[in-house]
**Q** 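So that we are looking at the same thing, I have put the structure below in structure tokens.
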Amino acid sequence: GAGVSQSPSNKVTEKGKDVELRCDPISGHTALYWYRQSLGQGLEFLIYFQGNSAPDKSGLPSDRFSAERTGGSVSTLTIQRTQQEDSAVYLCASSLDPSGELFFGEGSRLTVL
Amino acid sequence: GNSVTQMEGPVTLSEEAFLTINCTYTATGYPSLFWYVQYPGEGLQLLLKATKADDKGSNKGFEATYRKETTSFHLEKGSVQVSDSAVYFCALSDTTVGTGGSYIPTFGRGTSLIVHP
């Protein structure tokens, strides 16, 4: 597809379960970002990839959160032992140039019961 | 570090009213500045941008001028429409990497705009 694709679009899970969120960026975009958008809050930066490496993991809220990117393309954000405070919309964005325009997916809405 | 501060919402206007959404920033380098818009049920998309001081970004009747002296990038539109109802995010991306700088785009908290007929 032409845009950034995220899946699943909606995920409801029980507290304590693990979840995986997937992001398929625009082909050729070397920079990939994960943000979290909570109700009434702005965009909280989680992690940034340049190619397959993650030079900045400073935004990951805890060691329950991890992410990887393979082949300079698809990225997976994994949340282990989910908690209710993890409920949010997780946004992925990609960019040709780290200092330029970001192209966002529609997000994955996570609800932890 | 970098930061973006934008006015609290919601902003509620009647159709054809004048819109201003204030945005100020703090940056260690020479940032590019952006406004993104998120329409209901959709992802964020770029509305306009400016890459250096005194540049004016414009799109769909919206405009914003990069003011280095006041570290501001206020969004304006002369006559809003119901279809402009959305959440607007001001953002910066630092164009230099150095002590305290990063390539991580920094976003404001977003301002909800509601336009009534």
Side-chain angles (χ1 to χ4, degrees), chain A residues 1-10 21-26 29-51 53-60 67 88-109, chain B residues 1-10 21 23-25 27-52 55 57 59 66 86-98 100-112:
Chain A
V4 176
S5 177
Q6 291 188 246
S7 62
S9 55
N10 270 290
L21 308 177
R22 175 189 168 104
C23 174
D24 201 341
I26 293 173
H29 281 195
T30 56
L32 186 148
Y33 305 83
W34 285 97
Y35 288 87
R36 180 166 69 175
Q37 185 178 24
S38 304
L39 190 63
Q41 303 295 314
L43 271 64
E44 176 188 3
F45 167 73
L46 298 179
I47 190 169
Y48 155 61
F49 288 92
Q50 181 61 33
S53 65
D56 194 327
K57 301 180 181 180
S58 63
L60 293 176
V89 177
Y90 290 82
L91 298 173
C92 176
S94 69
S95 177
L96 265 177
D97 170 4
S99 63
E101 176 184 358
L102 265 61
F103 293 83
F104 282 85
E106 294 192 1
S108 292
R109 180 177 297 278
Chain B
N2 299 334
S3 67
V4 174
T5 303
Q6 57 182 110
M7 60 191 290
E8 295 272 337
I21 300 178
C23 171
T24 57
Y25 68 90
T28 53
Y30 304 95
S32 294
L33 302 175
F34 306 83
W35 277 99
Y36 286 84
V37 59
Q38 185 175 31
Y39 297 105
E42 299 184 15
L44 276 79
Q45 57 187 272
L46 181 69
L47 179 60
L48 54 84
K49 67 179 182 182
T51 58
K52 62 183 188 295
D55 269 3
N59 186 25
Y66 189 141
V87 181
Y88 293 81
F89 292 88
C90 185
L92 71 82
S93 187
D94 210 329
T95 54
T96 62
V97 178
S102 71
Y103 282 138
I104 309 304
T106 302
F107 287 80
R109 294 169 70 94
T111 302
S112 175

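Throughout, a chain's letter reflects where its sequence line sits, starting with A, and its residues are numbered from 1.
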**Q** Return the set of residues passing side-chain contact (heavy atoms from CB on, under 4.5 Å) with B:D55 (not counting sequence neighbours), or none when no residue passes.
**A**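 B:A50, B:T51, B:K52.
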
**Q** May I ask you to name which of A:V89, A:D97, A:L102 has the most heavy-atom pairs under 4.5 Å with chain B?
**A** A:L102

**Q** Apply ring pair (Phe, Tyr, Trp, His ring centres under 6.0 Å) to A:F104 and list each qualifying residue two or more places apart in sequence or on a separate chain.
**A**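 With neighbours one apart ignored, the set is B:Y36, B:F107.
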
**Q** At a heavy-atom separation under 4.5 Å, does A:Q50 approach chain B through its side chain, its backbone, both, or neither?
**A** neither

**Q** Closest heavy-atom contact between A:L32 and A:C23?
**A**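 So the minimum-distance heavy-atom pair works out to CD1-SG, 4.1 Å.
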
**Q** Considering non-hydrogen atoms only, spot the tightest contact between B:R109 and B:Q6 and give its length.
**A**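 Scanning both residues completely, I find the closest heavy atoms to be N-OE1, 3.7 Å.
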
**Q** Using a cut-off of under 4.5 Å on heavy-atom pairs, state which of A:S58, A:G100, A:A93 scores highest against chain B.
**A**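 Greatest number of close heavy-atom pairs with chain B: A:G100.
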
**Q** Check each atom of A:F103 against the heavy atoms of chain B and say whether the ones under 4.5 Å are side chain, backbone, both or neither.
**A** neither

